[in-house]
Amino acid sequence: MKLFIPQIDCLLELGKEKCQSLVIENQAVWCSILNDMAEQLRGNEGKIVLSCNDKIIPLSKNVELISQFIPFDMNQKGLLTKIMNEMQKIAVNEQHFAQTTTTLSSWEKYLLELTADMVGNIGFSKINLESLIKSAGIEVESVYDNLGEKILDYFELVSVYDSKKLFVLVNLRSYLSEHEMKEFLKNVTVHQYEILLVDSVEHPILELERRYIVDADQCILC
């Protein structure tokens with residue numbers, strides 16, 4: 001993927017051997033770039049352009065902007081919907097179809113037995129697979145000792161159940177030690193996740209990092 005940021009007239013090539021980082025020391029530029037991304041993720045127009053194989057693709061479907069890491073919530077609504085959709089597909093495949101049909105029938109029979117002992121003409125909507133899975137409160141177990149590992153597992157879930165995306169990580173360097181960050185970038189490159197690190201202050205540059213700096217005077221340094 002490539003990301004063109006007109007606010008600083010910069011074209012970033014993502015997903016190469018090194019992870020791209022962008023340090024923005026000018027507050028006005030910082031706000032302009034992040035607001036542009038946020039607006040596009042809401043479905044509005046913006047100036048920043050994302051492309052893949054020289055074709056423009058919408059940020060709203062191909063980018064995740066992550067700025068909250070404490071707490072870091074893996075159970076995003078969109079991801080959980082994709083996971084439940086996959087569960088429905090598995091439930092009706094050849095291996096599980098018979099068991100699924102029997103289970104739904106058993107639930108309907110059980111609810112009929114319950115309503116038979118109640119006062120009034122009590123009814124219910126037909127039990128279906130979607131409503132049954134939703135009622136189970138599906139969620140991703142998210143107890144981790146290491147924030148970097150948690151974020152990496154989230155990348156994997158998104159890649160498997162949703163699609164390959166660009167993850168824009170805002171000030172992540174403020175939450176991970178230098179050693180943790182080295183391990184994080186190593187795993188990102190091994191699994192070929194595409195990320196953009198956006199920081200408001202400069203940290204020591206790492207071996208697997210390719211950096212652009214926009215200083216307070218809006219000069220670009222590489």
Side-chain angles (χ1 to χ4, degrees), residues 1-69 72 76 78 147-148 151-152 154-155 158-159 162-178 180-222:
M1 292 184 186
K2 296 180 182 179
L3 189 72
F4 177 63
I5 306 177
Q7 289 91 335
I8 54 175
D9 192 25
C10 182
L11 179 64
L12 303 177
E13 293 195 36
L14 309 160
K16 300 293 184 180
E17 293 85 2
K18 294 188 176 183
C19 299
Q20 182 67 61
S21 71
L22 179 62
V23 178
I24 307 173
E25 297 175 342
N26 182 289
Q27 291 90 342
V29 175
W30 169 271
C31 289
S32 177
I33 290 174
L34 293 182
N35 279 331
D36 189 309
M37 288 186 180
E39 285 299 315
Q40 291 198 54
L41 292 178
R42 295 189 188 100
N44 300 320
E45 294 184 356
K47 299 177 182 178
I48 296 174
V49 178
L50 180 67
S51 65
C52 183
N53 298 324
D54 297 323
K55 293 183 179 180
I56 295 176
I57 56 177
L59 265 74
S60 58
K61 295 182 179 179
N62 297 280
V63 172
E64 283 207 24
L65 179 64
I66 305 175
S67 58
Q68 181 172 317
F69 297 101
F72 177 67
Q76 299 297 316
L147 176 60
I151 297 171
L152 288 167
Y154 178 74
F155 289 174
V158 172
S159 300
D162 193 345
S163 62
K164 184 176 182 180
K165 291 188 176 184
L166 167 63
F167 299 97
V168 179
L169 309 173
V170 181
N171 280 332
L172 177 61
R173 293 291 296 268
S174 298
Y175 298 90
L176 299 181
S177 68
E178 187 170 334
E180 289 173 331
M181 200 66 206
K182 287 179 180 178
E183 288 299 309
F184 179 80
L185 295 185
K186 180 180 177 181
N187 279 285
V188 165
T189 54
V190 167
H191 292 93
Q192 298 184 324
Y193 299 133
E194 299 197 40
I195 68 169
L196 172 62
L197 298 168
V198 182
D199 292 287
S200 55
V201 294
E202 190 172 2
H203 297 271
I205 192 165
L206 302 175
E207 181 181 355
L208 292 174
E209 178 185 357
R210 182 176 61 250
R211 177 179 294 177
Y212 282 85
I213 302 173
V214 182
D215 67 14
D217 298 320
Q218 299 188 38
C219 296
I220 298 180
L221 309 173
C222 299

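Listed for the S51 side chain is no donor-acceptor partner under 3.5 Å among the backbone atoms of D54. With hydrogens and angles ignored, the 3.5 Å screen pairs no side-chain donor or acceptor of D199 with any backbone N or O of V201. In terms of modelled atom types and a separation under 3.5 Å, the side chain of R210 and the main chain of E13 share a donor-acceptor contact. For the pair N171 (side chain) and S200 (backbone), a donor-acceptor distance under 3.5 Å is present.
Within the model, atoms SG of C19 and CG of L196 stand 10.0 Å from one another, a figure rounded to the nearest 0.5 Å. Note that the CZ atom of F69 and the CG atom of L169 stand 5.0 Å from one another [nearest 0.5 Å]. Expressed to the nearest 0.5 Å, how far OG of S21 lies from OH of Y212 amounts to 10.5 Å. The CG atom of L12 sits 4.5 Å away from atom CD of Q20, with the distance rounded to the nearest 0.5 Å. Atom CG of L50 and atom CE of M1 lie 5.5 Å apart (nearest 0.5 Å). Distance check, rounded to the nearest 0.5 Å: CD1 of I48 to CG of L3 gives 6.0 Å.
In terms of heavy-atom proximity, I57 sits nearest to C52 at CD1-CB, 3.8 Å.
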Verify side-chain contact (heavy atoms from CB on, under 4.5 Å) between L185 and I195, making sure each step is shown before the conclusion. CA-CA 9 Å; L185 295 185; I195 68 169; 3.9 Å; yes
Checking side-chain contact (heavy atoms from CB on, under 4.5 Å) for the pair L208/K182: CA distance, chi angles, key distance, verdict? CA-CA 8 Å; L208 292 174; K182 287 179 180 178; over 6 Å; no
Please step through side-chain contact (heavy atoms from CB on, under 4.5 Å) for the pair F4 and I56, ending with a clear verdict. CA-CA 10 Å; F4 177 63; I56 295 176; over 6 Å; no
Applying side-chain contact (heavy atoms from CB on, under 4.5 Å) to M181 and L206, what does each step give before you reach the verdict? CA-CA 8 Å; M181 200 66 206; L206 302 175; 3.5 Å; yes
Start with the C-alpha distance between D36 and Q40, add both sets of side-chain angles, then the distance that settles side chain to side chain donor-acceptor pair (under 3.5 Å), and finish with yes or no. CA-CA 6 Å; D36 189 309; Q40 291 198 54; 2.8 Å; yes
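Using cut-offs of 30° and 60° for the angle between ring planes, the Y154 and F167 rings count as perpendicular.
Checked for salt-bridge contact, E209 and R173 meet the test: a charged N lies under 4.0 Å from a carboxylate O.
Legend: side-chain hydrogen bond (donor to acceptor under 3.5 Å, both in side chains) pairs involving residues 186-195, not counting sequence neighbours, sorted by first then second residue: K164-E194.
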